[in-house]
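The sequence lines fix the lettering, A, B, ..., with proteins before strands; numbering per chain opens at 1. All values derive from a computational prediction rather than experimental measurement.
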Protein chains: 2
Amino acid sequence: MSLDHAILGFLSEQPSTGYDLKTRCFDRVARSVWTADQAQIYRTLERLEKSGLVTSRLIPQPGRPDRKEYAVTQAGRRALREWLETPHPLPPLRDPLLLQLLFGGALPDDQLLALLETARDGYQRRLEDLRKDAGRAASESRNAKVRRMTLDGAMSQARASIDWLDGAIDRVRAGLPANGDALGRLTR
Amino acid sequence: MSLDHAILGFLSEQPSTGYDLKTRCFDRVARSVWTADQAQIYRTLERLEKSGLVTSRLIPQPGRPDRKEYAVTQAGRRALREWLETPHPLPPLRDPLLLQLLFGGALPDDQLLALLETARDGYQRRLEDLRKDAGRAASESRNAKVRRMTLDGAMSQARASIDWLDGAIDRVRAGLPANGDALGRLTR
DNA sequence: CGCGGATATAGGACAAGACGAGTATATGAG
DNA sequence: CTCATATACTCGTCTTGTCCTATATCCGCG
């Protein structure tokens with residue numbers, strides 16, 4: 001369960017509330033790598049506390065709701081360390097666009113092109129977001145350098161998709177054989 | 001729900017049983033694009049039948065269990081066509097390795113390298129599988145060409161990951177700044 | 001003065017996917 | 001004769017992820 005360990009990781013850097021984790025960690029630094037929704041974070045924090053990997057303390061705040069600040073325990077640090085050390089299986093490739101393309105021969109050229117171009121633009125936007133992130137974090141520490149590798153990985157994946165889509169678009173524009181009756185079977 | 005449409009897509013090519021879909025379609029041609037387990041496929045077929053997108057007929061087989069063969073209906077073809085035409089959002093980037101790397105600065109060089117190298121090997125294996133698939137399907141039809149684009153996409157993603165990981169491995173070997181006390185905080 | 005946005009937490013509902021176990025029968029290898 | 005394998009289908013539970021709602025207060029803006 002990667003989310004558990006992502007939370008342990010962030011808490012090991014700094015004790016935080018659920019709200020902090022959502023807004024400062026997941027919506028900012030982990031945005032391009034792993035997203036998590038609020039409900040998920042609170043649920044996970046409860047579970048982690050039950051299994052003794054984090055503890056919480058209430059910090060009263062005059063006027064506004066108490067902060068419930070979570071911190072990792074020793075057991076939590078051990079769990080994090082263990083997870084960090086072990087290699088995990090590749091994420092299963094599960095891409096709606098590729099699936100569409102598997103059956104995309106049934107579409108006429110213009111619709112096929114629309115599909116490819118929309119995806120291309122999506123990756124382009126993702127790449128720009130990543131570039132912004134990369135611009136912000138420029139430090140010389142080990143942590144910053146490793147974190148920079150993370151961004152590089154995400155960026156190179158986006159770039160690969162863009163290049164591939166550009167090639168695919170060219171090939172469709174250059175002309176594909178017309179389809180026999182696949183479209184007919186689908187439209188009728 | 002992409003799985004629904006993947007099933008509709010395969011059935012539109014050829015009526016099949018759940019077993020056929022699992023072994024001939026998902027474990028073979030869609031393997032590199034979308035995986036599905038058996039239970040999932042049977043459940044989805046039931047649901048699709050209830051909503052009138054597929055129909056089934058029992059084909060008795062002497063000795064062994066009846067084949068329950070599903071076929072798309074007109075409504076099913078329409079649903080498939082509609083899904084094929086509309087662009088879908090990019091798959092969220094959710095990669096355990098990238099997440100590990102986010103906190104990977106706490107690891108010593110050798111463990112960091114082990115992580116990167118394992119992942120590299122994984123992508124290498126995936127790429128080889130894809131190459132085998134690409135070798136098999138060499139036809140001149142529109143469908144085959146579009147399907148070939150699908151494989152190209154999957155391959156270029158794998159290649160991008162390999163290149164990135166090679167670069168990252170080199171950079172770690174070339175020497176990263178030592179970490180302050182992050183490791184200490186984790187080990188103690 | 002009211003309204004919305006930021007801060008802060010928590011609950012329910014639900015689809016989708018992962019995982020595993022169970023039930024048949026037939027064929028063929030050892 | 002047994003064991004593995006292929007064919008074919010069913011059930012159940014757990015985890016994930018998403019969405020929506022509710023509760024509270026404070027601050028700034030118009």
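Pairs passing the salt bridge (Lys or Arg N to Asp or Glu O under 4.0 Å) check and including a residue from residues 29-41 of chain B, sequence neighbours excluded, read B/R31-B/D129, B/R31-B/D133. Listed by first then second residue, pairs satisfying salt bridge (Lys or Arg N to Asp or Glu O under 4.0 Å) with a partner in residues 164-178 of chain A read A/E117-A/R173, A/R120-A/D166, A/R171-B/D152, not counting sequence neighbours. Applying the salt bridge (Lys or Arg N to Asp or Glu O under 4.0 Å) definition to pairs two or more places apart or across chains, those involving residues 97-114 of chain A are A/D109-B/R142.
Residues that satisfy the ring pair (Phe, Tyr, Trp, His ring centres under 6.0 Å) test with B/Y70, not counting sequence neighbours, are absent from this structure. Partners of A/T150 by side chain to side chain contact (heavy atoms under 4.5 Å, CB included), not counting sequence neighbours, listed by chain and number: A/V33, B/L98, B/L101, B/L102. Considering only residues two or more places apart in sequence or on other chains, B/Y123 meets the ring pair (Phe, Tyr, Trp, His ring centres under 6.0 Å) condition with none of them. In this view, B/W34 satisfies the ring pair (Phe, Tyr, Trp, His ring centres under 6.0 Å) rule with no residue, not counting sequence neighbours.
With respect to B/R81 and B/E85, a salt bridge is recorded, a charged nitrogen being found less than 4.0 Å from a carboxylate O.
Rounded to whole Å, atom C1' of D/dA8 lies 13 Å from atom CD of B/E69. The nearest whole Å value for the distance from the OH atom in B/Y70 to the P atom in D/dA8 is 14 Å. Distance CD (A/Q38) to C1' (C/dT9): 7 Å, rounded to an integer number of Å. C/dG17 atom P lies 13 Å from atom CZ of B/R94, rounded to whole Å. Look at CG on B/D37: it is 15 Å from P on D/dC9, rounded to the nearest Å. Distance A/D27 CG to C/dT7 P: 12 Å, rounded to the nearest Å. Atom CG in B/D4 sits about 12 Å away from atom P in C/dA15, given to the nearest Å.
For A/K68, the side-chain atoms get nearest to C/dT9 when compared with the rest of C/dG20, C/dT9, C/dG12.
Side-chain atoms of B/L97 and B/L165, non-hydrogen and from C-beta on, do get closer than 4.5 Å to each other.
With side-chain heavy atoms closer than 4.5 Å counting as contact, directly or through intermediates, the hydrophobic cluster containing A/Y42 also holds A/Y19.
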Side chains of residues 52-60 of chain B: which donor-acceptor pairs under 3.5 Å do they make with residues two or more places apart or in other chains?
residue, atom, partner, partner atom, Å
B/S56, OG, B/E49, OE2, 2.8
B/R57, NH2, B/E69, OE1, 3.3

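Shown for residues 41-53 of chain A: residues whose heavy atoms fall under 4.0 angstrom of DNA chain D, namely A/R43, A/R47. Remark: nothing in residues 16-25 of chain B comes within less than 4.0 Å of DNA chain C through any heavy atom.
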Strand DNA chain C in bracket notation, Watson-Crick/G-U under 3.5 Å with | for pairs to another chain: ||||||||||.|||||||||||||||||||
